[in-house]
Amino acid sequence: MRSTYFLLLSGFIAPTLCQQIWDIWQTTWDRSKLLTSLAPASPINFAAKGAIGSADIVINDGTKYQPIAGFGGSLTDSSALTLNNLKSKNSANYWNLLGYMFSPTDGANAAGLNYIRVPIGASDFSAGVYSLDDTSGDTSFSKFDGSKAPSYLYSVLKDIKSINAGIKVHLLPWSPPAWTKDSNSMDGGSLKSQYVSSYATYLLKSVQAFQNQGIPVYAISIQNEVQNSNPTYPTCTFTPDTEGQIGTSLRTALNNNALSGVKIIGYEHNWNNAGTYPVSLMANYGNAFAGVAFHCYEGSVSQQDSFHNAQPSKAIYFTECAGTIGSDWWSDIKWYMDNLWIGSLERNSQSGLMWNIALDGNGNPKLPGTNSCGGAGCRALVSVNSDGSYSFNQEFYSMAQVSKAIIPKDAGGPYGQRIGVSIGGTLGWALRVGAFVTARTSSSDWLRYSIVVLNWDDSAATSWNPQPVKTTIEFRGLQATYTFPVGVTTLWWFAPATSSKSTNATAPAPAIFTPAAANGGPYDPNPINITQVKGPGSFTAQLFFNATKTT
């Protein structure tokens, strides 16, 4: 047996007189590049302004908007089962998959996803219907049992957490227990009025169950899709008053049990009613709720504005959308970028999530008998095959491009924040752009500025003719030039916190790291940091060991 170890060392001290673009990640329309690192051999400099390109991106870092909580999807029972089965079938592939999706390591060949939504009890993607307390009349929920959730749900969550300690877990039920509802079933119906005051206890115990498993909870919602009653899978309708009363009781219960940091998120339903139900909920019960969440299935993303304009102090989260099996790869990428990963954030969302994290290629397994995800079926972020192979889908690659833009620069550091950006030039229409700044753990370190650019100039409506767009990027009176191919490009540079600082200091060295991951070879999520990247005048060096054994 022979063991071969590969050493990769990145880092140097490079003096510069201006900001420089070193890091570029790209996914192209033809899939020739899929979250591919294109670190240039020489930096792209910001220099004195000249003529603008066919498009002109202007960064306004003086205008700051919402902080970004992160990106991800839902770990349903089915997703957890799919991943757990992969772990049993091919452990190396399992860890490669999780590393590629969730590793937050700066510069890693990974998406750094960090936001996971988890059902409390059964959903339309469970093996059967169950709640965490099916004892009729147990109004104190003394028979509550968190272990009724499949053990693999907790174990997969813990595995993800071992890769990304900053994972945000957002809990929510698809239905209260059947005995609390007028339908006497978890499938459809509404909560009976006599259980409104006690139901908060069930939700509190759910948070505590995850906390007791060593899984801190970031947020909890009262109900998934509060206006959806479907007799084929767990659903439940709520009025704003009912949801608000439960939220108020739950806020008090969380605060009284040392869980004041857990956010309560309301509504969790489609864009089409953004100006009605969630506005009423926040107007009357806003003290209990951090904000509301939206899904993509009805209405349009522009309707998020109606909520934000009515309740500007309340947070917006985008938490669910599902791809359709068999749909066009590039058309989906364009829609997701335009409406979700750029569009929803432009309209004040702090998160971007798809539906299932993992399923098989047919969108299974689903709850037996459900009509959810009918037709061709819902596509997950990653499709896992019975032979232990897997493939990432357009939902993942489009999301990964913007996740890369906002993950912490420093281990355990803050995520990015949206900043101002505008687009001009004769081909300005061809680009959709999101811009972000990521703060540092030390005030002396340079900030990371990033942009995510969709070039959708493909002439798809007439004769297919993808056109790259030569673009100038304006930042603090300086200008850089980059030609964006048709696809999605994420790039970043570093700059002092304010432009008044001297610009003749040394910028942080670029992170040059492309370990083998899902697209070939073993993945090592644990680099040895010789030094952490700091601000001007410092460098980083990281050691990565990929062990290949041959017999």
What's the verdict on salt bridge (charged side-chain N to carboxylate O under 4.0 Å, His left out) for Asp458 and Lys334, showing C-alpha distance, side-chain angles and the deciding distance? CA-CA 11 Å; Asp458 55 21; Lys334 290 188 289 185; 2.8 Å; yes
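- Judged by distance alone, with hydrogens and angles left aside, the side-chain atoms of Asn385 form no donor-acceptor pair with the main-chain N or O of Gly388 at under 3.5 Å.
- Under a 3.5 Å cut-off, the side chain of Thr490 and the backbone N or O of Gln401 do form a donor-acceptor pair.
- For the pair Trp456 (side chain) and Trp429 (backbone), a donor-acceptor distance under 3.5 Å is present.
- Side-chain rings of Trp464 and Trp29 approach one another, their centers coming within less than 6.0 Å.
- With hydrogens and angles disregarded, a donor-acceptor distance shorter than 3.5 Å links the side chain of Asn455 to the backbone of Asp457.
- With rounding to the nearest 0.5 Å, the separation of CG in Asn96 from CG in Leu86 is 9.5 Å.
- With respect to the salt-bridge test (charged N to carboxylate O, under 4.0 angstrom), the residues Arg379 and Asp332 qualify.
- Lys158 contributes atom NZ, which lies 15.5 Å from atom OH of Tyr152 (distance to the nearest 0.5 angstrom).
- When all heavy atoms are compared, the tightest approach of Ile419 to Asn60 is CB-O, 4.1 Å.
- A cation-pi arrangement is present between Lys168 and Tyr415 under the rule of less than 6.0 angstrom and at most 45 degrees off the ring axis.
- For the 3.5 Å distance criterion, the side chains of Tyr94 and Asn84 fail to qualify, holding no donor opposite an acceptor.
- You'll find the ring centres of Trp271 and Tyr297 outside the 6.0 Å limit.
- Between atom NE2 of residue His170 and atom OG of residue Ser351 there is a gap of 8.5 Å, rounded to the nearest 0.5 Å.
- Side-chain contact between Ile59 and Ile451 is present, with at least one heavy-atom pair separated by less than 4.5 Å.
- Taking the six-membered ring for Trp, Phe307 and Tyr267 have ring centres at least 6.0 Å apart.
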Derivation of the side-chain contact (heavy atoms from CB on, under 4.5 Å) call for Val437 and Lys64: CA-CA 9 Å; Val437 60; Lys64 292 183 172 64; 4.2 Å; yes
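- In this structure, Phe102 has its ring center at least 6.0 angstrom away from the ring center of Tyr100.
- Between the CG atom in Leu359 and the CG atom in Leu83 there is a gap of 9.0 Å [rounded to 0.5 Å].
- Here the two rings, on Phe46 and Tyr449, have centers that are 6.0 Å apart or farther.
- Here the shortest heavy-atom pairing between Cys296 and Ala322 reads SG-N, 4.3 Å.
- No hydrogens or angles considered: a donor-acceptor pair under 3.5 Å links the side chains of Gln304 and Ser344.
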Full working for side-chain hydrogen bond (donor to acceptor under 3.5 Å, both in side chains) between Asn356 and Ser74: CA-CA 5 Å; Asn356 280 280; Ser74 292; over 6 Å; no
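- Contact between Val421 and Ala435 at its shortest, heavy atoms only, is CB-CB, 3.8 Å.
- Residues Gln19 and Pro496 meet the side-chain proximity criterion, which asks for heavy atoms closer than 4.5 Å.
- Within the 3.5 Å criterion, the main-chain N or O of Asn93 finds a donor-acceptor partner in the side chain of Asn90.
- Side-chain N or O atoms of Thr489 include none that pairs as donor or acceptor with a backbone N or O of Phe484 at under 3.5 Å.
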Quiz item: Between Val301 and Arg347, is a side-chain contact (heavy atoms from CB on, under 4.5 Å) present by the stated rule, with each step listed?
Solution: CA-CA 8 Å; Val301 66; Arg347 300 179 186 277; 4.0 Å; yes
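- Closest non-hydrogen pair, Trp25 versus Ala108, comes out as CH2-O, 3.4 Å.
- Of all heavy-atom pairs spanning Val452 and Ala405, the tightest one is CG2-CB, 3.6 Å.
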* Would you please test Ser32 and Thr28 for side-chain hydrogen bond (donor to acceptor under 3.5 Å, both in side chains) and show each step? => CA-CA 6 Å; Ser32 60; Thr28 53; 3.0 Å; yes
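- For residues 393-437, the set of pairs meeting the disulfide (SG to SG under 2.5 Å) definition, not counting sequence neighbours, is empty.
- Ring geometry for Tyr218 versus Tyr317: interplanar angle over 60°, hence perpendicular rather than tilted (30 to 60°).
- Side-chain atoms of Ser78 and Thr76 include no donor-acceptor pair closer than 3.5 Å.
- With hydrogens and angles disregarded, a donor-acceptor distance shorter than 3.5 Å links the side chain of Asn339 to the backbone of Trp335.
- Residue Lys33 holds its NZ atom at 11.0 Å from CD1 of Ile24, rounded to the nearest 0.5 Å.
- Listed for the Asn224 side chain is no donor-acceptor partner under 3.5 Å among the backbone atoms of Leu172.
- Under the 30°/60° scheme for interplanar angles, the aromatic rings of Tyr397 and Trp329 are found to be tilted.
- Side-chain polar atoms of Gln20 and Asn45 form a donor-acceptor pair below 3.5 angstrom.
- Side-chain atoms of Arg440 come within 3.5 Å of backbone N or O of Trp446 as a donor-acceptor pair.
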Q.
side-chain hydrogen bond (donor to acceptor under 3.5 Å, both in side chains) for Asp305 and Gln303? Distances and angles first, verdict last.
A. CA-CA 5 Å; Asp305 289 345; Gln303 291 172 288; over 6 Å; no
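- Using modelled atom types, one finds no donor on one side chain facing an acceptor on the other under 3.5 Å when comparing Ser463 with Asn465.
- Nearest heavy atom pair, residue Ala274 against residue Phe294, reads CB-CE2, 3.4 Å.
- The existence of a salt bridge linking Asp61 and Arg476 is confirmed by a sub-4.0 Å separation between a basic side-chain nitrogen and an acidic carboxylate oxygen.
- Here Ile407 contributes atom CD1 and Asp106 contributes atom CG; the two are 6.5 Å apart, rounded to the nearest 0.5 Å.
- Under the side-chain contact (heavy atoms from CB on, under 4.5 Å) test applied with Ile357, the options Met101, Glu395, Arg117 reduce to a single match, Met101.
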Steps toward side-chain hydrogen bond (donor to acceptor under 3.5 Å, both in side chains) verdict (His295, Thr319): CA-CA 6 Å; His295 300 176; Thr319 56; 3.3 Å; yes
Assess the residue pair Lys409 and Asp445 against the criterion (salt bridge (charged side-chain N to carboxylate O under 4.0 Å, His left out)); give the C-alpha distance rounded to whole Å, side-chain angles, the decisive distance to 0.1 Å, and a yes or no. CA-CA 10 Å; Lys409 171 61 183 171; Asp445 290 344; over 6 Å; no
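- Residues Asp23 and Trp493 form no side-chain contact, since every pair of their non-hydrogen atoms from C-beta on lies 4.5 Å or further apart.
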message: Under the criterion side-chain contact (heavy atoms from CB on, under 4.5 Å), I'd like the reasoning laid out for Asn164 against Ile167: C-alpha separation, chi angles, the key distance, then a yes or no.
response: CA-CA 6 Å; Asn164 188 341; Ile167 284 291; 3.8 Å; yes
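- Cation-pi contact between Arg448 and Phe494: absent, since separation from the ring centre below 6.0 Å together with deviation from the ring axis within 45° is not met.
- Within the 3.5 Å criterion, the main-chain N or O of Leu34 finds no donor-acceptor partner in the side chain of Thr27.
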